[in-house]
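Structure first, then comments.
Reckoned from all heavy atoms, side chains included, excluding hydrogens, waters and symmetry mates.
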Amino acid sequence: MFTTVFMSDGAQFDAQAVNVAGSLRMKTYRIHSFMLDNPNDIETINQLVDEFDLTLNTGVLVNQQALRDSGDIAKHHAAVTKNWSERVKPLIETYLTASGDPNTSSLDGFNKLVEDIELLVGAYQKHAETNIATIRLVQSLALFSTLILIALAMVIVHRHIEQPLSKLTWVAHQIGKGDFTAKAEETGKGELAILARTINKMSGSLYRSKSQLEEQIKRKTRKLSRSNQSLELLFQVSRKLNEVEPGSVDFQPLLNKLAAVTGVKDLDLCIMTAQGTGPYEHLMSTEKTIPDKCQQQLCHDCTEHDSLFPPVNGQMKYQLSIGDQHYGVLVVSLDEGSILEDWQHQLFEAIAEQVANGLSMKYQNEQRRRIALMNERTVIARELHDSLAQALSYLKIQVTRLQRLQQKESAQEQIDQVIDELKNGLGAAYSELRELLTTFRLKLDGQGIKAALEQTISQLQNRSDDFSFTLNYHVSNIPFTPQEEIHLLQIAREATQNAFYHSQGSNIEIGITSNSLSEVILTVKDNGIGIPEDPNKLNHYGLAIMKERSRNLDGELTVKRNDERGTTVMFSFIPEYARTLELKSKSA
């Protein structure tokens with residue numbers, strides 16, 4: 001393009017040169033014609049001659065000839081100039097001075113000049129055509145070269161840009177799909193090679209990050225699985241210990257599950273009583289020969305310690321202890337060179353604590369049963385002593401009296417009187433025995449105080465239709481302990497039975513409520529004849545029973561005669577849960 005511009009700039013005056021050179025012919029013809037037609041008009045002829053000189057020796061022809069000082073243009077321009085200055089122009093001057101007609105020689109001179117001018121015009125024309133042909137050739141070569149360069153550029157772009165970009169795009173798609181093994185070619189030093197190396201580094205980093213995340217997820221999953229199994233095992237142990245009596249729990253499946261969860265195969269669970277020195281049960285998670293010291297119950301090395309021993313001979317020992325009470329030991333035998341992880345150690349400690357809590361609950365329950373049994377036996381003994389024993393003593397005295405009357409052969413009338421007293425005493429003793437049996441057969445059956453009172457009212461209602469009963473029970477939301485339920489129910493039943501048998505009324509109201517002081521208040525009210533001034537003489541053993549039970553609950557029992565008629569028995573106490581809340585509030 002630069003060459004054609006340069007050549008076009010050099011050829012811009014070619015057409016003008018052809019035109020000016022062609023005008024020289026016209027000027028020649030005009031001079032010759034004017035000389036023939038107006039020979040006397042010398043001024044005009046001189047003017048035409050000057051114009052020819054000016055055109056020939058100045059302007060575009062001289063410039064073009066100067067640009068091309070060699071070749072046909074310069075040669076023909078020199079010939080025209082020579083012919084004009086040496087031949088034609090002298091002929092015109094001669095003609096003007098001689099004032100004659102132009103002759104044949106002058107005509108030949110003009111013709112020769114026109115021929116030279118024709119050659120000059122042809123040279124200019126040829127030069128212009130040559131320039132155009134050269135420009136056309138250069139443009140064709142430039143176009144062909146451009147096409148070749150475009151083809152080469154396309155090949156280079158395809159090979160060095162398009163293909164690497166396609167591979168980089170494919171690698172990016174593979175990475176987007178999660179395939180981090182795809183690699184891009186890193187050959188070369190260009191930007192695409194740098195980009196390929198960067199993508200490969202990114203892919204490697206992502207692959208390592210993904211591998212690390214997968215490994216972390218696997219570790220977390222294993223940890224969560226272990227935690228889940230541990231929690232499930234703790235739940236099973238807790239449920240087993242709470243569902244049944246700890247003494248009847250089969251710990252062997254739980255020990256096997258503990259070995260499976262922790263991966264420690266060799267476990268020993270030795271269970272003993274709180275006061276014992278040796279285990280009464282030795283459980284193992286794997287079959288093995290028990291050491292001689294275990295067979296001889298020499299357990300001091302395992303059971304007598306205050307804290308966890310460091311591993312000795314590959315064993316870890318966990319006490320089953322609550323406070324100062326020891327119930328055995330859990331022995332963990334490790335493989336050579338292995339140690340417990342933190343989660344295994346925590347699980348063994350938790351299981352040991354759970355088992356110890358269960359055994360402690362069993363011991364405490366047994367203690368409570370013993371105490372409750374002794375209390376009930378004391379109450380039964382007192383009731384038998386105050387009622388049936390005194391009646392039997394009275395009957396024994398009457399039998400002795402009857403024997404003496406028979407020995408003295410007393411009157412039949414005295415003997416019959418003693419026999420009547422014996423019958424009355426036996427009847428009273430039988431009645432008292434039935435009342436005691438009714439009292440001692442009391443049971444809650446898991447239905448609560450209200451259901452037991454309704455059952456008592458139903459039994460009394462079946463005995464007599466002369467009484468109507470009203471039960472007002474408003475302590476359903478209070479959590480009574482079993483001892484509180486038993487004593488409260490016994491007092492309510494005893495007071496109700498006393499009113500039923502001795503009040504001679506027609507209505508009995510039973511109420512169990514609570515007040516703002518967290519006290520539970522039991523009232524049994526009848527509309528009978530009222531209690532006498534000295535109630536201890538009437539049904540004295542029943543009142544003694546109620547007073548004894550009220551003392552067990554740290555409550556207050558009052559029996560009073562109503563203003564109009566009837567008797568009211570009132571008992572109030574503070575339940576254990578309210579006392580606990582009060583102690584917590586004071587300590588806070």
Rounded to the nearest 0.5 Å, how far apart are CD of E548 and CG of L553?
10.5 Å

Where at least one partner belongs to residues 553-580, residue pairs that pass ring-ring contact (aromatic ring centres under 6.0 Å, His included), sequence neighbours excluded:
F571-F573

Given 3.5 Å as the limit, does a donor-acceptor pair link the side chain of D526 with the main chain of T567, or not?
yes

CD1/I175 to NZ/K177 distance, rounded to the nearest 0.5 angstrom?
12.5 Å

Does the side chain of R493 pick up a donor-acceptor pair with the side chain of T496 at under 3.5 Å?
no

Taking the side chain as every heavy atom from C-beta outward, state whether I478 and P575 have any atom pair closer than 4.5 Å.
yes

Do Q252 and N256 have side-chain N/O donor and acceptor atoms under 3.5 Å apart?
yes

Using side chain to side chain donor-acceptor pair (under 3.5 Å), reason through E349 and H345 one step at a time and then give a plain yes or no.
CA-CA 6 Å; E349 282 187 334; H345 173 63; 3.1 Å; yes

Give every donor-acceptor pair under 3.5 Å between a side-chain atom in residues 507-517 and any protein atom, sequence neighbours left out.
unit_1	atom_1	unit_2	atom_2	d
N507	OD1	S468	OG	3.0
N515	OD1	L517	N	3.1
N515	OD1	S518	N	3.4
N515	OD1	E519	N	2.9
N515	ND2	E519	OE1	3.1

Would you mind reporting whether Y318 and I351 have side-chain heavy atoms less than 4.5 Å apart?
no

Sequence-distant partners of D268, salt bridge (Lys or Arg N to Asp or Glu O under 4.0 Å), two or more places apart
K288

Please report the shortest heavy-atom distance between S230 and L347, naming the atom on each side.
OG-CD2, 3.5 Å

Mark yes when over 12 heavy atoms from residues, nucleotides or ligands other than I339 sit less than 6.0 Å from its CD1; otherwise mark no.
no

Gap separating the OG atom of S506 from the CG atom of D466, nearest 0.5 angstrom:
8.5 Å

Mark yes or no for whether Q497, through its side chain, and E494, through its backbone, hold a donor-acceptor pair below 3.5 Å.
no

If the condition is side chain to side chain donor-acceptor pair (under 3.5 Å), which residues does T470 pass it with, not counting sequence neighbours?
none

Under the side chain to side chain donor-acceptor pair (under 3.5 Å) criterion, do T568 and N562 qualify, and how do the steps go?
CA-CA 7 Å; T568 299; N562 298 333; 2.6 Å; yes

For M546 versus I491, what's the shortest heavy-atom pair and its separation?
SD-O, 3.8 Å

What's the spacing between I529 CD1 and R561 CZ if we round to 0.5 Å?
7.5 Å

Contact between T400 and R404 at the side-chain level, heavy atoms closer than 4.5 Å - yes or no?
yes

For residues 215-225, please give each side-chain donor-acceptor pair under 3.5 Å, one per line with the distance, not counting sequence neighbours.
unit_1	atom_1	unit_2	atom_2	d
T221	OG1	I217	O	2.6

Answer yes or no: are there more than 12 heavy-atom neighbours, outside F469 itself, under 6.0 Å from its atom CZ?
yes

Side chain to side chain donor-acceptor pair (under 3.5 Å) filter on Q504, not counting sequence neighbours, yields none

Would you find a donor on one side and an acceptor on the other, under 3.5 Å apart, between the side chain of S550 and the backbone of K547?
yes

Listed by chain and number, what are the side-chain contact (heavy atoms from CB on, under 4.5 Å) partners of Q212, not counting sequence neighbours?
none

Taking everything shown except D465 itself, do over 12 heavy atoms lie less than 6.0 Å from its CG?
no

Within the structure provided, determine whether T262 and L258 are in side-chain contact (heavy-atom separation under 4.5 Å).
yes

In this structure, CG of L255 is separated from CG of L269 (nearest 0.5 Å) by 5.5 Å

According to side-chain contact (heavy atoms from CB on, under 4.5 Å), who are the partners of N477, at least two apart in sequence or on a separate chain?
none

Going by heavy atoms in the side chains, are V399 and Q403 under 4.5 Å from each other?
yes

Calculate, to the nearest 0.5 Å, the distance between atoms CG and CG belonging to L206 and D179 respectively.
12.0 Å

List the residues meeting ring-ring contact (aromatic ring centres under 6.0 Å, His included) with F500, not counting sequence neighbours, and say none if there are none.
F467

Atom CG of D563: over 12 foreign heavy atoms under 6.0 Å
no

Does a side-chain heavy-atom distance below 4.5 Å link S285 with K265?
no

With side chains defined as the heavy atoms from C-beta onward, is the minimum distance between T558 and E556 less than 4.5 Å?
yes

Mind checking side-chain contact (heavy atoms from CB on, under 4.5 Å) for T523 and listing every partner two or more places apart, or none if nothing turns up?
I521, M570

Within a radius of less than 6.0 Å around CD of E576, do more than 12 heavy atoms belonging to other residues, nucleotides or ligands occur?
no

With R579, which residues qualify under side-chain contact (heavy atoms from CB on, under 4.5 Å), at least two apart?
D554, I574

For E421, give me all partners under salt bridge (Lys or Arg N to Asp or Glu O under 4.0 Å), at least two apart in sequence or on another chain.
R401

